[in-house]
Amino acid sequence: MKKLLYVCLCLWIGIPCALAQQEITQELQQKYTQYTALSDKIWQWAEPGYLEDKTSNALIEELQAAGFQIQKGVGAMQTAFVATYGTGSPVIGILAEMDALPGLSQEALPFRKAKFVNAYGHACGHNLFGVGSVAAAIATKNWMAKARIKGTIRLIGTPAEEGAGGGKTYLVKEGVFKDIDAVLHWHPGDNNNASPNSSLAYRVANFSFTGLAAHASASPEKGRSALDAVEAMNYMVNLMREHISPETRIHYVIKNGGLTSNIVPDYAMVEYTIRNPTAQGLEEIWQRLLKTAEAAAHGTETKMSYEILAGLYNLLPNDVLAKEMQKSLEKVGGVPYTPEEIAFAEKIRQTVNAQTLAPISSAQTVRPYTTGLAFPASTDVGDVSWVTPTTGLSTATWVPGVPAHSWQAVACNGMSIGHKGMMNAAQTIALTAQNLFKSPNLIEQAKEELYQRRGAKIFEYKSLAGDRKPPLDYRK
């Protein structure tokens with residue numbers, strides 16, 4: 001008899017839960033056309049970092065119409081915003097990125113055809129990212145209102161993730177995340193995966209050298225070449241590669257090497273990006289990089305200065321939140337293709353430079369949960385993950401095998417394959433948020449994990465970009 005009562009109680013508790021999940025899923029399915037149309041608008045606009053005015057306004061209008069309170073221009077960034085519904089705790093945050101990438105304009109076709117010459121394109125899928133997150137926030141809000149759930153849902157519109165933008169770092173400095181209990185996010189990809197990843201800490205800096213101009217043939221002895229200094233620095237850094245950890249990454253590009261070959265260059269500049277699995281390791285590499293710059297200046301009798309453009313923390317994974325995200329993703333499932341989408345996928349895969357590709361059918365599957373993964377790139381989500389428990393997922397918005405930051409990704413992001421992946425992400429985030437609102441103990445467990453991973457309960461955030469203000473003109 002007791003066993004029967006227990007079973008009945010479990011069923012009684014479970015049925016409302018299942019119905020609530022079904023309501024969220026149905027709402028998002030019913031709004032599929034509305035949200036995909038919005039993502040296509042943003043895909044067409046393809047606005048650069050800190051210049052996402054149309055995109056930001058469109059997302060804000062969607063959220064305002066749904067009953068969110070809006071705070072614009074957050075952190076001295078015109079396109080950053082915070083949309084809030086509800087009061088009290090827990091406070092669940094959802095990230096929404098917006099910016100596009102330069103030089104990757106592309107039609108939604110399985111062959112290379114630029115939409116506009118040398119224009120921006122959504123090669124990282126932030127047109128989908130922003131709209132999918134907004135859709136998830138609205139669906140969660142509607143469930144909260146109907147079920148009279150106590151707590152706050154907060155959508156954070158984050159500009160300029162790409163390159164040296166680092167938009168989220170300035171939001172962290174502004175204290176946007178100080179009262180948020182957990183943060184959920186997602187990213188377009190070529191697979192469906194909610195396993196917790198780490199990433200690489202990152203710093204970008206310009207090194208400028210000033211020398212003396214002179215006639216390169218008639219009086220070279222009177223000149224001191226700034227370009228020599230840049231080349232000397234680059235040579236020393238390339239020798240240093242043998243003596244750094246294999247996970248470290250160093251990239252550079254000469255931004256200014258002089259004006260003409262018959263004048264000794266009196267000014268030259270090189271941009272460096274360094275990455276390491278930890279912020280501490282990054283700082284050690286940075287100090288060694290500074291020594292090469294100082295040595296180059298000393299040896300060429302030039303003067304050196306540097307400017308840090310951006311700095312990002314490594315991403316701290318959170319198993320507690322990631323496992324909840326995985327459960328939600330498995331309920332939602334992968335991305336099924338129509339015969340027309342399969343034909344598109346087959347054509348676009350012929351343009352991808354890779355010896356082996358995952359089968360097209362892998363877009364329909366969810367990858368198993370795995371720990372200990374390290375993503376060999378960087379993201380400003382890393383800074384968020386050091387101040388509040390954070391987890392994310394990817395969905396197959398791109399044909400399996402299509403890389404990020406490619407024209408092929410732009411094409412997928414502007415058609416039905418990208419749309420389907422976006423709506424799967426929206427469902428997954430909304431279901432995960434729902435579970436966290438119903439299970440506050442999970443949030444407490446996630447916080448304890450964060451304290452363990454960063455080695456302290458109290459953490460004073462210091463940007464790896466120093467005191468730099470948002471580089472609002474970095475894409476102009």
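What you see below is based on every heavy atom in this structure, not just the backbone, and it leaves out hydrogens, waters and symmetry mates. Numbers for residues simply follow the sequence, beginning at 1.
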Would you tell me whether T428 and S328 have side-chain atoms, one donor and one acceptor, within less than 3.5 Å of each other? no
Pairing residues for E161 by the salt bridge (charged side-chain N to carboxylate O under 4.0 Å, His left out) criterion, not counting sequence neighbours: none
So that I can tick it off, tell me whether K113 and E107 are bridged by a salt bridge, with the cut-off set at under 4.0 angstrom between side-chain N and carboxylate O. no
Where at least one partner belongs to residues 344-366, residue pairs that pass side chain to side chain donor-acceptor pair (under 3.5 Å), sequence neighbours excluded: T351-Q408
Have E341 and S416 got a donor and an acceptor in their side chains that come within less than 3.5 Å? yes
Is N193 reaching over with its side chain to a backbone N or O of R367, donor-acceptor style, under 3.5 angstrom? no
Ion pair E324/K327, N-O distance below 4.0 Å: yes
Without placing hydrogens or testing angles, list every side-chain donor-acceptor pair under 3.5 Å for residues 452-466, not counting sequence neighbours.
residue	atom	partner	partner atom	Å
R453	NE	P317	O	2.8
R453	NE	E449	OE2	2.9
R453	NH2	D319	OD2	3.1
R453	NH2	E449	OE2	3.2
R454	NE	A456	O	2.9
R454	NH1	W386	O	2.6
R454	NH2	K457	O	2.5
Y461	OH	D383	OD2	2.5
S463	OG	A465	N	3.0

If we ignore hydrogens and angles and just use 3.5 Å, is the side chain of T158 paired with the main-chain N or O of L95 as donor and acceptor? no
Output, in order, the C-alpha distance, side-chain angles, deciding distance and verdict of side-chain contact (heavy atoms from CB on, under 4.5 Å) for I153 and I94. CA-CA 8 Å; I153 187 75; I94 300 175; 3.9 Å; yes
Side chain to side chain donor-acceptor pair (under 3.5 Å): which pairs involve residues 464-476, sequence neighbours left out? E307-R468
Could you tell me whether the side chains of T395 and N424 share a donor-acceptor contact shorter than 3.5 Å? no
Could you tell me how the ring of H419 sits relative to the ring of Y32: parallel (under 30°), tilted (30 to 60°) or perpendicular (over 60°)? perpendicular
Using the ring centroid of each side chain, check whether W286 and Y306 are separated by less than 6.0 Å. yes
Tell me the side chain to side chain donor-acceptor pair (under 3.5 Å) pairs involving residues 54-67, sequence neighbours left out? Q34-E62, E47-T55
Give a yes or no answer on whether the side chain of N314 reaches the backbone of G382 with a donor-acceptor pair at less than 3.5 Å. no
Please table the atom pairs, donor to acceptor, closer than 3.5 Å between any side-chain atom in residues 77-85 and protein atoms at least two apart or in another chain.
residue	atom	partner	partner atom	Å
Q78	NE2	D53	OD1	2.3
T79	OG1	E52	OE1	2.7

Donor-acceptor check, side chain of S195 to backbone of T370, threshold 3.5 angstrom: yes or no? yes
Taking the side chain from N192 and the backbone from A396, do they hold a donor-acceptor pair closer than 3.5 Å? yes
Flag, side chain of N318 to backbone of T390, donor-acceptor distance under 3.5 Å: no
Using a distance-only test with no angle check, is there a side-chain donor-acceptor pair under 3.5 angstrom linking H122 and N413? no
